[in-house]
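Data first, discussion second: the structure below is written as structure tokens.
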Amino acid sequence: MRIYRAKDEQDLARKAANIMSAQIIMKPDCVLGLATGASPVGLYNQLVEWYRKGDLDFSCVRTVNLDEYKGMAPDSPQSYHMFMWEHLFSRVNIRPERVFLPDGLAPDSNTECLRYNAVITGLGGIDMQLLGIGVNGHIGFNEPGEEFAKEVHCVKLTESTKQANQKYFPDGRMPDYAYTMGIKSIMQAKRILLIAKGEKKAKALAASLQGPITPEIPASILQLHNDLTVVADDDALSLMR
Ligand code: F6R
């Protein structure tokens, strides 16, 4: 495990973007596993800036996102589809047919999970998986108590996760379920890049990286990954021994 300490938000974004850019440069047709939420916004902005300067080319890159709300239309403002198009896809030269997310509107959950698993396998697996971490230690939407052995599945969101994401649903109507890559799908990625900022993440980060490996802290399994890079700010690292 490598841990890089970022001195501020911009430094965190640049460090993480450097690591992801290196992946794209070394393997132009790499498969990137992507995340949404507040954590990766600066990283995506930095990638866009380097793309505009001519330093990065996304024309062969393929992406698979970690998760999507069940029941959410792709063009709904709170969908993860929309988030990805706004923050990254529409701003770089990635091909629309090479970006993949779970289909929130799929009529049957089991079929959708199998389909999305097959998408990941069909791409040959993930070269680099980007992760944020929830205040309860979740990764993707793998909530505390979730089995480590799962691949793509549909989960009921916990109250903690709903509270953390409530700000994106001003009408208060947040979905109860989401599709997520499972821990097994995440652990099968060749490389993992975990980013965390702010003191709200300090407890989960310390427990995940230095505590016992337990399904109660889903991110703790990452200790067993042989190519994990963490980029975090001082606040997020403040409870590390
Ligand atoms: C997002 C995702 C989540 C977030 C986590 C942290 O695709 O899978 O696990 O990474 O909830 O969210 P932020 O970055 O908003 O604190």
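Whatever order the structure lists ligands and atoms in, that order sets their numbers, starting from 1.
Residue Ser39 holds the heavy atom nearest to atom 14 (O) of ligand 1 of all those in Gly37, Ala178, Ser39. For atom 15 (O) of ligand 1, the nearest non-hydrogen atom from the set Gly198, Ala164, Ala38 comes from Ala38.
Scanning the protein for heavy atoms near atom 11 (O) of ligand 1, the closest one is His138 NE2, 2.7 Å. Looking from atom 1 (C) of ligand 1 to the surrounding protein, the closest heavy atom is Thr36 OG1, 3.2 Å. Gly132 CA, 3.3 Å is the protein heavy atom nearest to atom 10 (O) of ligand 1. Closest protein heavy atom to atom 12 (O) of ligand 1: Lys201 NZ, 4.2 Å.
Using a 4.5 Å heavy-atom cutoff, the side chains of Val41 and His87 are in contact. Proximity of His138 to Glu143: side-chain heavy atoms (C-beta onward) are separated by under 4.5 Å at one or more points.
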Cut-off 3.5 Å, no hydrogens considered: what does the side-chain donor-acceptor table look like for residues 122-131, sequence neighbours left out?
from: Asp127; atom 1: OD1; to: Lys27; atom 2: NZ; distance (Å): 3.0
from: Asp127; atom 1: OD1; to: Lys190; atom 2: NZ; distance (Å): 3.2
from: Asp127; atom 1: OD2; to: Lys27; atom 2: NZ; distance (Å): 3.1
from: Asp127; atom 1: OD2; to: Val31; atom 2: N; distance (Å): 2.8
from: Gln129; atom 1: NE2; to: Gly33; atom 2: O; distance (Å): 3.3

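The contact set between ligand 1 and Leu66, taken as ligand atoms under 4.0 Å from a residue heavy atom, comprises 8 (O).
Looking at Tyr80 next to ligand 1, no N or O pair under 3.5 Å apart turns up. When only interatomic distances are considered, the shortest N/O to N/O separation between Asn165 and ligand 1 does not fall below 3.5 Å. In terms of polar-atom proximity, defined here as any N/O pair under 3.5 Å, Gly140 does make such a contact with ligand 1.
When every heavy atom of Val92 is checked against every heavy atom of Tyr51, the shortest pair comes out as CA-CE2, 3.6 Å.
A salt bridge does not link Asp235 with Lys197: none of the charged nitrogens is closer than 4.0 Å to a carboxylate oxygen. A salt bridge links Arg2 to Asp227: at least one charged side-chain nitrogen sits closer than 4.0 Å to a carboxylate oxygen.
Of the heavy atoms in Ile133, only backbone atoms (N, CA, C, O) come closer than 4.0 Å to ligand 1. Looking at Asp67 against ligand 1, only its side chain comes within 4.0 Å, counting heavy atoms.
Screening Ile3, Leu193, Ile192, Leu194 against Thr229 for a side chain to side chain contact (heavy atoms under 4.5 Å, CB included) leaves a single residue, Leu193.
At a cut-off of 3.5 Å, with distance as the only test, a side-chain donor of Asn165 or Tyr69 sits close to an acceptor on the other residue.
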